[in-house]
Structure formats: C-alpha cells, structure tokens
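Take a look at the structure set out below.
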Amino acid sequence: MIDLEGPDGRQQDKSDTRQEALRHMAPLERWLTGPRVAGLPAPSADRAPPLLSFEFFPPRTEALEQQLWACIRRLELLRPSFVSVTYGAGGSTQARTHDTVSRILAETELTPAAHLTCVGASRGAVDDVARRYWEDGVRHIVALRGDPLEKGGQFVAHPDGYANAAELVAGLRRVADFEISVAAYPEVHPEASSPQADLDNLKRKLDAGATRAITQLFFDADTYLRFLDRCLAAGITAPVVPGIMPISNFGPSRRFAESCGATVPAWLVSLFEGTEEDAELRRMIGAVVAAEQVRLLQANGVDEFHFYTLNRPDLTYAIAHILGVRKQPAP
Ligand SMILES: Cc1cc2nc3c(=O)[nH]c(=O)nc-3n(C[C@H](O)[C@H](O)[C@H](O)COP(=O)(O)OP(=O)(O)OC[C@H]3O[C@@H](n4cnc5c(N)ncnc54)[C@H](O)[C@@H]3O)c2cc1C
C-alpha cells in the first residue's frame, strides 16, 4: 500500500506523494498500483443512449449551403432531440438564420431551435422576430444576449432593448410558450464580475423561464464537472448540457476557442504539435480527444450532449456512435 497522507495529513499533498512513491517502484508494480480509469461504457439494457443536439451556423454562400445540408442529412439519421441554428454576431444573420430554420422545419423531421440575440435591437424588433418564428411553427429558442458586431467591442444595451439574456427570456415567455435554452460558462463569462455573479446570472435566466443551459465549449472534462458541482450547490436543477466542439482543424478551432474565452490546455496544444502538414493525423487526434472527453463525461453520469458541429458531420457522427447512439430509420 502507498501511504497517501503527508505527515500533516493534508489532502493536496496526495498526488505529489503518490507520484513520488510510484517513481520508486518496479514497472509492473507501478502499472498495477496506479489509478484505474473506467473503460468505454458497455451497452446496457437499463441505460438509454444519451440525448444529442447539434448546432449549425447559417451558410453565407451556395457552396456552404450544400455543405450544411450534407451535414444535416448525415446527422439527422441519429435522431437528435433538437438541432440549433446560430444568429450571427450583432444579429447579422437574422434572415439567413430564419431561412435555415424554416427549411429544416419544412424539409426534415428534425426539431429546430433558433438562436436569438437581443444586442443592438429594440424589444419590439426582437419580439417581432420571435413572433414570426412562433407563427412558422418554431417552438424552441436559444436565448442569448449576444456580442457587439465589432470584435472586442463593449456591450451596450439598446436604449429600448433587453439589457441581458434573463430579460430576453422573460420577454420571450410573454410572446409565446417557447421552450427556451440559455448559455452557461464553465470558465465564467469574460465580463462577469465574479464566478458567483455569473452563476447567479445563470440562475436568473432559468428562473425567468429557460429550461436548459448549454455550456460554452471547454476541453478539460474536470472544468465542466466542477462547474456542475457549483451549479448544484447554487440550487440549479435544470440540465446544464456540455457543449462539445470536435476539433477537425486545430489552428482555427484554437482561435475560435480563445475568442470564446475557453482555455486551450497545454496538453491539447502538444497533441496537435507537428500535425500541421498531415490532415489525416489531425482528424484522428481530434476524434480521440473528443471521444475521450465525452467518455469521461459519460462515465460521470452525463447523458445529454450538445455538439458544435461547425457544419461538419464526420467527427460528431463518430463520437455519437462511440456514445452508443446509432442510426435510426425514419419515423
Ligand atoms: C451555447 C451558446 C450559444 C451561443 N450562440 C450565439 C449566437 O447564436 N449568436 C451570438 O451572437 N452569440 C452566441 N453565443 C455567445 C453569447 O452571445 C456571448 O457569450 C455573450 O457575450 C453573452 O451572452 P449570454 O446570453 O450569456 O448573456 P448574459 O446571460 O446576459 O450575460 C452576459 C454577461 O453579463 C453578466 N450579467 C447579465 N445580467 C447581469 C446582471 N443583472 N447583473 C450583473 N451581471 C449580469 C453575466 O454574468 C455575463 O458576464 C453563444 C454562447 C453559447 C454558450
């Protein structure tokens, strides 16, 4: 047995002490004494496959439209609980988001959720967009404050607008009986005055009528699991669904993650080092990283996942398969 307690019994010394003890052992003893991790979950009759949702962005060109629809057609086979379509910064894709959501509603069996932001718009204008969605048959909104159009600009509420996402949620509830999802930040929203203030804000959004939070992307499973602990301690009971971004191209993914305020851990950078000229290797590493991430979450009881697909289906499809979700025949 390894004695894990230091002389003063302090918990934080445990891992250092274990490392030190392990270093002095013969290899086989070390292998057999080290920590054990749960394996890939086996199929089980008493555990349903997880619920999945997929996020798309509205296409800008005809070629991107085709790419999006190839992606939708592949992922719809997995029967996600919903698919969401983003709203460009500052509300810049209002028409394209609406067109994409309408086409999903008209041409597929999928349940679309429209992202809607309140930045730069009056309450009346935002309510009109929501009302139009309701009239068209859209029943799920992802309600967000949004960021200003110019990168790095400071958010200033429109003089007649909703000041934040919690106000937007309350406004949407007055428009119609939407299902509403909101954003959550395992690493704390960059503008929040403190982690607790950000958590209070998430609670306000749920208390205002949202029924689900979807997290900003993150790479360390631990970051998310600790956040869940804090949510539970704050009295949050709604699902806080992890937002997973499979990495197919590390450079752009890294820039995107950093622009969202998500930490790109050193281990991740090192995994992709030397893969710049080898797209196939990058994709394989991306698949392993995302599979490991969801496997750890699933082993910790998480059974709902939201994928930032970036309109590319392959990695998401493979990871869904690993999670136990299989292609299903059309209803
Ligand atoms: C799942 C997901 C999807 C997204 N989709 C889009 C999209 O489609 N389009 C887009 O433009 N952006 C999108 N975003 C980004 C989002 O718009 C930005 O992160 C934005 O900066 C914050 O939006 P929010 O809804 O979280 O804002 P809020 O919940 O309003 O919070 C914004 C900040 O203000 C603080 N705050 C809010 N109310 C109060 C208060 N009363 N007192 C003190 N502090 C307060 C919060 O703590 C936080 O720091 C998405 C983010 C996520 C996680």
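Counting convention: from 1, in listed order, for ligands and their atoms alike. Note that the structure is predicted; figures quoted are calculated from it, not measured.
In this structure, the side chains of Thr86 and Glu55 come closer than 4.5 Å at one or more pairs of heavy atoms. In this structure the side chain of Leu296 never reaches within 4.5 angstrom of the side chain of Tyr224, judged on heavy atoms. In this structure, Thr215 and Tyr185 have side chains that are not in contact, with every pair of non-hydrogen atoms separated by 4.5 Å or more. For the pair Phe57 and Val85, the minimum side-chain heavy-atom distance is 4.5 Å or more.
Residue contact annotation: Tyr308 has a non-hydrogen atom under 4.0 Å from ligand 1. The shortest separation from a heavy atom of Val142 to ligand 1 is not under 4.0 Å, leaving the residue out of contact.
Checked by distance only, ligand 1 and His189 come closer than 3.5 Å through their nitrogen or oxygen atoms.
Without hydrogens or angle criteria, Lys205 side chain to Val169 main chain gives no donor-acceptor distance under 3.5 Å. Between the side chain of Arg212 and the main chain of Ile180, no donor-acceptor pair closer than 3.5 Å is present.
Looking at atom 19 (O) of ligand 1, its nearest protein heavy atom turns out to be Tyr185 OH, 2.7 Å. With hydrogens left out, the protein atom closest to atom 13 (C) of ligand 1 is Leu144 CD1, 3.9 Å, a heavy atom. In this structure, the protein non-hydrogen atom closest to atom 3 (C) of ligand 1 is His115 CE1, 3.7 Å. Considering only non-hydrogen protein atoms, atom 30 (O) of ligand 1 sits nearest to Ala165 N, 2.9 Å.
When each atom of ligand 1 is checked for a heavy atom of Asp147 under 4.0 Å away, the hits are 18 (C), 20 (C), 21 (O). Atoms of ligand 1 lying under 4.0 Å from any heavy atom of Asn164, numbered from 1 in the order shown and given with element: 30 (O), 37 (C), 38 (N), 41 (N). Those atoms of ligand 1 with a heavy atom of Asp198 less than 4.0 angstrom away are 46 (C), 47 (O), 48 (C), 49 (O). Per-residue contacts place Gln216 under 4.0 angstrom from the following atoms of ligand 1 (heavy atoms of the residue considered): 53 (C). Residue-ligand proximity, Thr86 to ligand 1, at heavy-atom distances under 4.0 Å covers atoms 8 (O). Close approach of ligand 1 to Ala192 (heavy-atom distance below 4.0 Å) involves ligand atoms 47 (O), 49 (O).
Salt bridge present: Glu258 and Arg254 bring a charged side-chain N and a carboxylate O closer than 4.0 Å. Under 4.0 Å is where a charged nitrogen must lie from a carboxylate oxygen, and between Glu292 and Arg295 at least one such pair does. Salt bridge status for Asp99 with Arg96: absent, with no side-chain N to carboxylate O gap under 4.0 Å.
Counting heavy-atom neighbours within 6.0 Å of Arg60 CZ, excluding the residue itself, gives a total of 12 or less. More than 12 heavy atoms of other residues, nucleotides or ligands lie within 6.0 Å of CZ in Arg73, so this atom counts as buried by the packing criterion. For CZ of Arg173, the number of neighbouring non-hydrogen atoms (other residues, nucleotides, ligands) closer than 6.0 Å is greater than 12.
Of all the heavy atoms of Asn201, the ones lying under 4.0 Å from any atom of ligand 1 belong exclusively to the side chain. Counting heavy atoms under 4.0 Å from ligand 1, residue Thr117 touches it through the side chain alone. Under 4.0 angstrom from ligand 1, the non-hydrogen atoms of Arg145 come from both its backbone and its side chain.
Of all the listed residues (His306, Arg204, Lys205), Arg204 holds the heavy atom that lies closest to atom 39 (C) of ligand 1. The nearest non-hydrogen atom to atom 11 (O) of ligand 1, considering only Phe57, Phe155, Tyr87, comes from Tyr87. Looking at Ala184, Ala166, Ala183, it is Ala183 that brings a heavy atom closest to atom 52 (C) of ligand 1.
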